[in-house]
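In what follows, a structure is listed as structure tokens, so that the remarks can point back to it.
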Amino acid sequence: MAKSTLEIRCDWGADGVAALAPYTDVFIVVDVLLATTAIDQAVSQGAAVIPFLYRADTADVFAKGQRAFLARPKEAADTGTYSDLPSSLVGLAPGVRLALPAADVAAIVRAASTTGEEVQPTVLAGCLRNAGAVADTARRMGRRISIICAGERWPRGGLRPAVEDLLGAGAIAHRLEGSQSPEALAARAAFRAAWDSLPRSLAGSATGYSLCRSGYTQDVTDAAALNVSPYTPVFIDGVFRAAEW
């Protein structure tokens with residue numbers, strides 16, 4: 001099947017965005033542990049989320065310039081303050097703007113916004129919790145859909161493929177009808193294989209294991225809940241908000 005006729009594709013990181021941009025109407029960024037799960041948590045309460053690359057010396061200035069509350073990385077956040085943990089965002093007031101440390105998501109969004117295509121693609125944020133809702137929204141917004149796994153980073157900065165993002169992408173691909181690339185089919189097959197054991201799969205992944213050892217087991221467990229959120233975060237005018245129909 002020719003690449004141009006495929007409707008559903010899957011790739012990794014900002015480089016994946018660049019490769020798939022000519023064939024894409026809608027990008028779905030997936031960072032299950034924990035950025036896009038946090039974004040879903042925030043927009044489900046009516047908040048707007050600005051993903052950004054956190055730097056301790058400039059984060060406060062950035063948030064102030066965005067008229068946003070600052071969420072700090074979990075390692076640097078005080079108890080009871082906003083962080084990049086989804087559990088810290090429960091209780092956000094509707095209308096709040098939140099600057100969220102999410103470097104990989106921010107890079108993917110930036111790449112999708114500068115593709116050079118005449119019509120810029122829509123960008124959605126997907127995770128296991130909202131996989132079905134995001135897939136349904138994406139199908140309403142365009143025919144050609146590319147799911148971009150954020151992955152993690154090796155100490156030297158290279159992208160490390162993360163199984164939790166592969167499973168999140170697979171959950172979305174599973175919901176989508178249409179011709180799928182081998183990469184999307186592989187993600188879908190991985191999701192189907194782990195469907196009955198998502199909490200165990202996430203907790204046993206490299207990222208999940210590290211989070212659990214650091215005391216964030218509940219956030220990992222919550223991120224594994226499938227299709228419990230009816231919300232779709234859509235990136236418009238520099239922020240993610242819940243899509244409206």
Side-chain angles (χ1 to χ4, degrees), residues 8 10-16 28-42 44 51 54 71 73-77 83-90 100-105 107-108 125-135 147-176 180-229 233:
I8 315 301
C10 182
D11 216 305
W12 293 83
D15 288 339
I28 304 172
V29 54
V30 177
D31 191 344
V32 170
L33 293 176
L34 287 161
T36 54
T37 300
I39 291 170
D40 175 70
Q41 177 68 262
S44 71
Y54 180 90
K74 50 193 168 295
E75 301 84 359
S83 77
D84 54 0
L85 292 171
S87 59
S88 78
L89 306 180
V90 175
L100 181 75
D104 292 324
V105 171
I108 289 168
C127 58
L128 287 166
R129 294 177 64 86
N130 66 7
V134 167
I147 308 166
I148 303 296
C149 302
E152 296 291 339
R153 292 286 157 184
W154 291 110
R156 294 185 179 181
L159 188 150
R160 173 175 69 79
V163 69
E164 65 273 9
D165 295 343
L166 184 70
L167 296 177
I172 295 168
H174 173 77
R175 181 74 167 234
L176 289 167
Q180 301 203 3
S181 71
E183 293 83 1
L185 291 172
R188 189 173 71 175
F191 165 71
R192 288 176 172 175
W195 194 334
D196 294 331
S197 58
L198 289 172
R200 185 167 67 251
S201 294
L202 262 62
S205 69
T207 309
Y209 180 73
S210 177
L211 287 168
C212 290
R213 286 197 65 183
S214 299
Y216 307 124
T217 301
Q218 191 58 54
D219 282 284
V220 175
T221 300
D222 291 345
L226 180 64
N227 290 333
V228 296
S229 171

Hey, are the side chains of R188 and L176 touching, using non-hydrogen atoms and a 4.5 Å cut-off? no
State which residue, out of N227, T36, V32, T37, fulfils the side-chain contact (heavy atoms from CB on, under 4.5 Å) condition with R129. T37
Heavy atoms of W195 and L226 approach each other most closely as NE1-CD2, 3.5 Å
Check against side-chain contact (heavy atoms from CB on, under 4.5 Å), V29 and I147: CA-CA 6 Å; V29 54; I147 308 166; over 6 Å; no
Report the distance from atom SG of C127 to atom CD1 of I28, rounding to the nearest 0.5 Å. 11.5 Å
Looking at residues at least two apart in the chain, or sitting in another chain, which of them share a side-chain hydrogen bond (donor to acceptor under 3.5 Å, both in side chains) with E183? S181
Value for CD (Q41) from CG (L100), rounded to nearest 0.5 Å, stands at 11.5 Å
Residues in salt bridge (Lys or Arg N to Asp or Glu O under 4.0 Å) with D104, at least two apart? R153
Which atom names give the shortest non-hydrogen contact between G208 and V220, and what distance separates them? O-CG2, 4.1 Å
Given side chains that start at C-beta, do those of D84 and L34 come closer than 4.5 Å, heavy atoms only? no
Between OG on residue S205 and CD on residue E164, distance to nearest 0.5 Å: 4.5 Å
Provide the closest heavy-atom pair for L33 versus A223 in the form atom of the first, atom of the second, distance. CD2-CB, 3.7 Å
Mind checking side-chain hydrogen bond (donor to acceptor under 3.5 Å, both in side chains) for R200 and listing every partner two or more places apart, or none if nothing turns up? none
Pair listing, side chain to side chain donor-acceptor pair (under 3.5 Å) test, anchored in residues 212-222, at least two apart: S87-D219, Q218-D222
How many angstroms lie between atom CG of D31 and atom CD of E152, to the nearest 0.5 angstrom? 6.0 Å
Mind jotting down which residue pairs meet the ring pair (Phe, Tyr, Trp, His ring centres under 6.0 Å) criterion with at least one end in residues 151-170? Sequence neighbours excluded, please. none
Between G151 and A162, what is the shortest heavy-atom contact and its length? CA-CB, 4.0 Å
Determine, step by step, whether D165 and W12 satisfy the side-chain contact (heavy atoms from CB on, under 4.5 Å) criterion, reporting the C-alpha distance in whole Å, the side-chain angles of both residues, the deciding distance to 0.1 Å, and the verdict. CA-CA 9 Å; D165 295 343; W12 293 83; 4.3 Å; yes
Of all heavy-atom pairs linking I108 and G13, the shortest is CG1-C, 3.9 Å
When you check the side-chain N and O atoms of T207 and R160, is any donor under 3.5 Å from an acceptor? yes
Audit row: S201, V163, side-chain contact (heavy atoms from CB on, under 4.5 Å) steps and yes/no: CA-CA 8 Å; S201 294; V163 69; over 6 Å; no
Pairing residues for D40 by the salt bridge (Lys or Arg N to Asp or Glu O under 4.0 Å) criterion, not counting sequence neighbours: none
How long is the straight-line distance from CZ of R192 back to CG of L185, given to the nearest 0.5 Å? 9.0 Å
Audit row: V30, I148, side-chain contact (heavy atoms from CB on, under 4.5 Å) steps and yes/no: CA-CA 6 Å; V30 177; I148 303 296; over 6 Å; no
Shortest non-hydrogen contact between V134 and P233, atoms and distance: CG2-CD, 4.4 Å
Nearest-0.5 Å distance, CG of residue L166 to SG of residue C10: 6.5 Å
